[in-house]
Amino acid sequence: MEEIKLLSLEVINEIAAGEVIEKPSAVVKELIENSIDAKSKRIDVNIVSGGIRKILVVDDGIGINDRYIEKSILRHATSKMNNNTLNNIKSLGFRGEALYAIANASNLSIISRTKNMNTARKLEVSFGEIKKNSPHKGNIGTIICVEELFKRLPVRKKFLKSERAEALAIKNLIKKISLAYPNISFSFSEEGKDKLFLIGKDDTDSERLRVKEIIGKDFLDSSIFIKKDYSNFSFRLYASIPTYNKANWQNSAIIINGRLIKDKAILGVLKAAYAGLLAGNRYPVIILYVKINPKILDINVHPSKTEIRILNRTEINSSLIKMIRSELEKLGLRYSIDSQRALLNSFQNVNKENNKQEIINLPENTVIKKNSSININQEGNADNKYRLGLARAQINNMFIVSQTENSIILIDQHAAHERIVLESLKKDYFNNKVSRQVLLVPEILNVEEDIDLLFTRKKEIYSLGFIFDDYGDNSIIVREIPAILGKINIKILFEDLLENIKEVGIINPMNTSIEKILSSIACHNSIRAGKKLNIEEMNAMLRLMEKTPNSGQCNHGRPTFIELGLKDVEGLFGRI
Ligand code: ADP
Ligand code: MG
């Protein structure tokens, strides 16, 4: 029989530390949370070499009394547990593990001063061992300096991503945390260079301003704000309208009781609220603030406290879905294009209803108002031989109405054009001759952590029709793009392209990965719903559709057109 032995203390410490601080960004998260718990109004973070060399966090919080400074690095030592219960946690920390874990995995120094101390105190610890505890000069607040993180844990160090990726993860983390605390000023610098500076404000508008600073003005302009209170919880939420969507959830944040939470279930609920409004591979951007009575919340399910257990989750989920859905409905958005049959059925139902009444009241919106956006062509004859007929009108700058010998066709111009572009991109790609356009004004894009990815995949991206070069400081200069794309927002296109490349891994012309990538590119060029077209443009589009394979469906699988047989129309009017 194999002998069972206890782990050595070093191994136990290493495992414990690993649970809380598996990477530099996790250390930064714990330190910032401590500063927030200490009621700081300003938190400054500096890092060197992605935080592996050095992490410095300076706050102006309440400080640690010199009597407790040594105790602060002991395992399970915390000042935050009231009445010894996990049932009513209001602080971000409560496990008393972070400083212990960090002290064991680095050279740590803590300089801290409370308002009752005349001078600050400095504690120096090297890989778990206290080296010095002495008076030091310093303001009220705390300075934590972590150096040579994981030096003694080569295994962990080996698994770290590149320094650049770590630095970016830290910056993104600070941005996300700052969304939860618009009253706190945050700064971030990397290798001595300032990267972020956010001023905290206490007024009512501060949250909105912070969202604008972090997620962007475009997002705020394209989103709705909803606020609602229920008995045990309340929501505040900024949710993008469906036309503003992304390839993933990266720009979204869920903040529950001031805590950034990773919760797949809630993301699923948010996505469900947009069902029918967004393709399966597109995501809204949502900043959701939830306040929940701490009594129905269990935060202690994961060492890094990014997951939670909510007792009445079903109630929260359904309230959330209802709330978003009803606000989106108020925007008057169409949910999806019904199939021919559903449309016909609805016509027939209306008909039956109306037959019951002696007098038919037309709903108000069937009256064509003078200023309505119907674009009509009465010329041309109907006995044409084209499969999709001749264009007759455009409705709401969204749909083309055409007529064939024996049918009326409604075409979703955006969906149809997307398919046309995709099929053309595909053809060019497989023939190895993507024609490109040289940009008159090359576009400079800041691509941050994706720079490595871009250059390792440069050849593949080149074959898709994009030419770009390094432009220094994590940015690239885009010089050429596929010709068929016309005038597009290159920044957003690249964002999506990169997300898709990450998702599919290697682009393989032999499988669906290429279809996915090209389809995301096609999506950017397509004539948007909302573009006014003249009759020639409409007819040109119909002729292109006829030549394009798969043109009956858009890239997301919805129909691009519906056709009503004149016979069916006659039937609707009871003529046959
Ligand atoms: P926890 O946050 O779970 O209590 P930590 O190990 O993160 O555990 O911190 C231990 C204790 O050290 C805290 O409870 C707090 O009293 C003190 N502390 C840590 N960082 C700070 C800080 N920036 N300002 C004031 N006190 C701090
Ligand atoms: Mg803590």
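Note that ligands are numbered from 1 as they come in the structure, with each ligand's atoms numbered from 1 the same way. What's counted below: heavy atoms across the whole structure, side chains too, no hydrogens, waters or symmetry copies.
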Please determine whether Thr78 has a backbone or side-chain N, O or S atom lying under 2.8 Å from the Mg ion (ligand 2).
no

Could you tell me, atom by atom, which parts of ligand 1 come under 4.0 Å of a heavy atom of [X]?
{"X": "Gly93", "result": "2 (O), 3 (O)"}
{"X": "Ala38", "result": "24 (N), 25 (C)"}
{"X": "Ser72", "result": "10 (C), 12 (O)"}
{"X": "Thr78", "result": "1 (P), 4 (O), 14 (O)"}
{"X": "Ala77", "result": "10 (C)"}
{"X": "Glu97", "result": "6 (O), 8 (O)"}

Pick, from Lys39, Glu33, Lys71, Lys80, the option with the minimum heavy-atom distance to atom 13 (C) of ligand 1.
Lys80

[X] versus ligand 1: do any nitrogen or oxygen atoms come within less than 3.5 Å of each other?
{"X": "Asn34", "result": "yes"}
{"X": "Ile144", "result": "no"}
{"X": "Leu99", "result": "yes"}

In Å, rounded to the nearest 0.5 Å, how long is the span from CG of Asp60 to OG1 of Thr142?
9.5 Å

Considering only heavy atoms, does Ile73 approach ligand 1 within less than 4.0 Å through its side chain, its backbone, both, or neither?
neither

Using the ring pair (Phe, Tyr, Trp, His ring centres under 6.0 Å) rule, collect all pairs that involve residues 33-52, keeping only residues at least two apart or in two chains.
none

Sorted by first residue and then second, give each ring pair (Phe, Tyr, Trp, His ring centres under 6.0 Å) pair with at least one member in residues 163-221; sequence neighbours left out.
Phe219-Tyr244

Whether Gly96 lies under 4.0 Å from ligand 1, heavy atom:
yes

Would you please determine whether Glu30 falls within less than 4.0 Å of ligand 1 on a heavy-atom basis?
no

I'd like to know if Arg236 and Asp229 make a salt bridge, using a cut-off of under 4.0 Å between side-chain N and carboxylate O.
no

Within a 6.0 Å radius of atom CG on Leu74, are there more than 12 heavy atoms belonging to other residues, nucleotides or ligands?
yes

Just wondering, more than 12 heavy atoms not from Tyr230 lying within 6.0 Å of its OH?
yes

For the residue pair Lys271 and Tyr283, would you count it as a cation-pi contact if the rule is NZ or CZ under 6.0 angstrom from the ring centre and within 45 degrees of the ring axis?
yes

Smallest heavy-atom separation, Arg325 atom then Ala273 atom, equals NH1-O, 3.0 Å

Non-hydrogen atoms of Ser475 and Asp470 that approach each other most closely
O-OD1, 3.3 Å

